[in-house]
Asks: 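I am attaching a structure below and will ask some questions about it afterwards.
Just so it is clear, the values below take in all heavy atoms, side chains as well, and ignore hydrogens, waters and symmetry mates. Order of the sequence lines sets the chain letters (A, B, ...), proteins ahead of strands, with each chain counted from 1. As the structure is a prediction and not an experimental result, all values here were calculated from the model.
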Number of protein chains: 2
Amino acid sequence: MKKITITDVAKHAGVSKSTVSQYLNERYDYMGGETKARIEAAIKELNYSPNFLARSLKQKKTNTIGVIVANILHVFSTQIIRAIQDYCSERNFHVIACNADDDPRKEKQFIEMLQAKQVDGIIVFPTGANKSLYQTLIMTNYPTVFIDRMVSGVGIDTVLLDNEKASKLAIQTFLMQGYQRIAMISPPLLPNITPRMERTTGYKQTITENGLSLRPEYIANVETTNVRDHLRKMLALREPPDAMLALNDLVLVEILHYMKENQLQIPKDLAIIGIDDVTFASVYNPALTTIAQPAFAMGKKAAELLLEKISNITKRREGIVYRFEPKIMRRDSV
Amino acid sequence: MKKITITDVAKHAGVSKSTVSQYLNERYDYMGGETKARIEAAIKELNYSPNFLARSLKQKKTNTIGVIVANILHVFSTQIIRAIQDYCSERNFHVIACNADDDPRKEKQFIEMLQAKQVDGIIVFPTGANKSLYQTLIMTNYPTVFIDRMVSGVGIDTVLLDNEKASKLAIQTFLMQGYQRIAMISPPLLPNITPRMERTTGYKQTITENGLSLRPEYIANVETTNVRDHLRKMLALREPPDAMLALNDLVLVEILHYMKENQLQIPKDLAIIGIDDVTFASVYNPALTTIAQPAFAMGKKAAELLLEKISNITKRREGIVYRFEPKIMRRDSV
DNA sequence: CTGTTAGCGCATTCAG
DNA sequence: CTGAATGCGCTAACAG
């Protein structure tokens, strides 16, 4: 079955290609009503649908955006993708999602690939390690918005959580409940992955602000696979922590595993708050107190910004940072 | 900053476009080593990258596939998407994921949209309600593979779980542990959504095969929002069930909610098995026994089939059904 | 070994 | 109101 083109339709309707083209683009200003009907009929009869590729090539617009997440394993990433997809879908944009796996090389490849595909813009969770590439994006005025992670010195609009506040909310909650020996476990601290840095800062700040002393032994930065080990060590201290902040969902799950394996009670043996509102938080036993990121709102905002950049050829000032407020979901783990 | 094209490169290198094109396609069979170097230099200097769109238009191949899931809310859908993406990514294919939201109209729109975009093929969780569209796909020999749901009378390759076996495994497990009053809760039974039908069949069959009588009051087909209500009714029966099969992840979560709200013990008050291996199954208290679908293998298989169809122009016989074995994850909820 | 010539399917002037 | 001509960026014969 041969693919039918605009030429076929034109022939079938007895008009010229350009007339059909005008019809397709709804510019029937001066088109004969009868002509219109004939074209309509021909299209239906031939079951014709225009080739977006050809159109895109000509119009230099693909109605597609790319999103590159740093690590798809986080709930947050998947929530963001969904939000973006929903928003774009309503506006007739398609999205191609890519997972950079926290690898700057992959990130670079994806960005280049997406550009080669002529996507109209990209939303990225930047690894932070491709500064010169980011510079090129901004120099060429390529519609881009960053999300989740802050890249300093590159003026690209960025949608972020107020990460310090996230930690602050958690610590304050612990304090209000009388916990004083508050620890935190984070994935490894890398300068480019700003959420962890900021959350750690928030933790430290809130601890000291409240007149508690900062104990280095209460802070762990470890790979997910080593979380349980470190937790064991912490709990074996002479003064073990009585409360624990899990810096993200993956860490939280590991902590829960450890608690379960060792038949420890939450919050009796250890109170827990996790940043990221995991799906099972409210059904868990006990229900988990979490700090939720407004992922849907953030994804929507990023998409909004991007589509706006895409349609407004006029370059507005860039580099604005949008901070979103975390929200504490009080449940029973503290 | 003007987009630079192959023409610019050719000019810059002092050769013709076609020579550059040949270089790009690695057909330097008889190309002068010096020419090659000049082109290479020009490309680097101009920071040129080819426009995939134009190439695709000419080659009638976009290196992109579409996947349409029926309902993105199920873990299974997201797992499948990931598996497909991973597989395709390695083979330089991109994937555009769409969520039909269980709406046949959306499904139709997406299929048409993706075809207009000239994607090389599609993988779909069929709603089942667009038979004539499916027929067209097969008639036009458009690379397509179905997954999760069976559509009868349409000869398209399909990747499925052995759903009857899934229920069977669950029921047998209950029986082995001495449970006799085994109920099940399913989302509404719709003829097109075959997994539910098959799982229900599996349930009924296994119950009767084991000499138990089928009690209609132990079978509920309800919207997610009504699961808790129905569960309440079941547990208020004179002979309430002592074991419960949750037909999918969404139902399972509702059941867990109810148990928690009413401070009921699992498995003491009600033993539970869920189909779909939710992420938190092993950390839950108690750890949840589930029937896992080999989502990764299934997604990979679907992608394999599709890419094979795409490369083999030769149409092989179609309509093969690939059944995958569910696996019981024995934990502590039964 | 390299350049010329045609399109791919569509949109856009610009004359009729 | 309509059609012929042109080009988007690239590939693919086919001659030189």
Asks: Got a sec, which residues hit side-chain contact (heavy atoms from CB on, under 4.5 Å) with B:D86, two or more places apart in sequence or on another chain?
Replies: B:R82, B:F296

Asks: Check the distance between C:dG9's P and A:I4's CD1 and give it to me in whole angstrom.
Replies: 11 Å

Asks: A:I43 CD1 to C:dC10 P: how many Å, rounded?
Replies: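 It works out to 10 Å between those atoms.
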
Asks: What's the closest nucleotide to the side chain of A:V15 if the choices are D:dG9, D:dG3, C:dA11?
Replies: D:dG3

Asks: Between C:dG9, D:dT2, D:dT11, which nucleotide has the shortest distance from any of its atoms to the side chain of A:N51?
Replies: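 For the A:N51 side chain, the nearest candidate turns out to be C:dG9.
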
Asks: Please report the distance, rounded to the nearest Å, between CG in A:L53 and C1' in D:dG7.
Replies: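 Answer to the nearest Å: 17 Å.
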
Asks: Suppose we screen for side-chain contact (heavy atoms from CB on, under 4.5 Å). Which residues come up paired with A:H12, at least two apart in sequence or across chains?
Replies: A:A42, A:E45, A:L46

Asks: When you measure from the side-chain N and O atoms of B:Y23 to the phosphate of D:dT11, is any distance below 4.0 Å, counting only OP1 and OP2?
Replies: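 Result: no.
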
Asks: Take atom CD of B:Q118 and atom C1' of C:dC8, then tell me their distance rounded to the nearest Å.
Replies: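 Whole-Å distance recorded here is 11 Å.
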
Asks: Distances for protein N/O vs nucleotides 14-16 of chain C N/O pairs under 3.5 angstrom?
Replies:
none

Asks: Under the ring pair (Phe, Tyr, Trp, His ring centres under 6.0 Å) rule, collect the residues that match up with B:Y134, sequence neighbours excluded.
Replies: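 Ring pair (Phe, Tyr, Trp, His ring centres under 6.0 Å) list for B:Y134, sorted by chain: B:F146.
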
Asks: Using a 4.0 Å heavy-atom cut-off, does A:F52 contact any base of the nucleic acid, only the sugar-phosphate backbone, or nothing at all?
Replies: nothing

Asks: Around atom CZ of A:R91, are there more than 12 heavy atoms from other residues, nucleotides or ligands closer than 6.0 Å?
Replies: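 For A:R91, atom CZ is crowded (more than 12 foreign heavy atoms under 6.0 Å).
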
Asks: B:L57 has an atom CG; how far is it from atom C1' of C:dA11, in whole Å?
Replies: 13 Å

Asks: Any N/O pairs under 3.5 Å between the protein and nucleotides 4-6 of chain C? List them or say none.
Replies:
{"from": "C:dT4", "atom 1": "O4", "to": "B:S18", "atom 2": "OG", "distance (Å)": "3.2"}

Asks: Who passes side-chain contact (heavy atoms from CB on, under 4.5 Å) against B:S21, sequence neighbours left out?
Replies: B:I6, B:N25

Asks: Is the shortest distance from a Lys or Arg side-chain nitrogen in A:K108 or A:E112 to a carboxylate oxygen in the other one below 4.0 Å?
Replies: yes

Asks: D:dG9 phosphate, OP1 or OP2: any side-chain N/O from A:K60 under 4.0 angstrom?
Replies: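 It does, given that an N or O in the side chain of A:K60 lies less than 4.0 Å from OP1 or OP2 of D:dG9.
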
Asks: Quick one: is C:dA11 close enough that its OP1 or OP2 comes under 4.0 Å of any side-chain N or O from A:S21?
Replies: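 Yes, because at least one side-chain N or O of A:S21 sits under 4.0 Å from OP1 or OP2 of C:dA11.
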
Asks: Between B:K61 (NZ) and D:dA12 (P), how many Å, whole number?
Replies: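 In whole Å, D:dA12 P and B:K61 NZ are 13 Å from each other.
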
Asks: Specify the residue among B:A54 and B:G14 whose closest nucleotide of DNA chain C lies further upstream toward the 5′ end.
Replies: B:G14

Asks: Quick check on C:dT2: is either OP1 or OP2 less than 4.0 Å from any side-chain nitrogen or oxygen of B:T35?
Replies: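 Looking at the OP1 and OP2 atoms of C:dT2, one of them is under 4.0 Å from a side-chain N or O of B:T35.
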
Asks: Quick one: B:D8 CG to D:dG9 P, roughly how many Å, whole number?
Replies: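 Value for this atom pair: 9 Å.
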
Asks: Any salt bridge (Lys or Arg N to Asp or Glu O under 4.0 Å) involving residues 120-142 of chain A? Give me the pairs, sequence neighbours left out, ordered by first then second residue.
Replies: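 Every pair satisfying salt bridge (Lys or Arg N to Asp or Glu O under 4.0 Å) with a residue in residues 120-142 of chain A: A:K61-A:D120.
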
Asks: Taking the side chain of B:I6 as heavy atoms from C-beta outward, which of C:dA11, D:dT11, C:dG9 is closest to it?
Replies: D:dT11

Asks: OG1/A:T64 to CG/B:L53 distance, rounded to the nearest 0.5 angstrom?
Replies: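 Atom-to-atom, A:T64:OG1 and B:L53:CG are 9.0 Å apart.
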
Asks: Considering residues at least two apart in sequence or located in another chain, which fulfil the side chain to side chain donor-acceptor pair (under 3.5 Å) criterion with B:R323?
Replies: B:E198

Asks: How would you list all residue pairs meeting ring pair (Phe, Tyr, Trp, His ring centres under 6.0 Å) that involve residues 54-83 of chain B, not counting sequence neighbours?
Replies: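 Qualifying pairs: none.
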
Asks: Distance check needed: C:dT2 P versus B:I39 CD1, whole Å only.
Replies: 8 Å

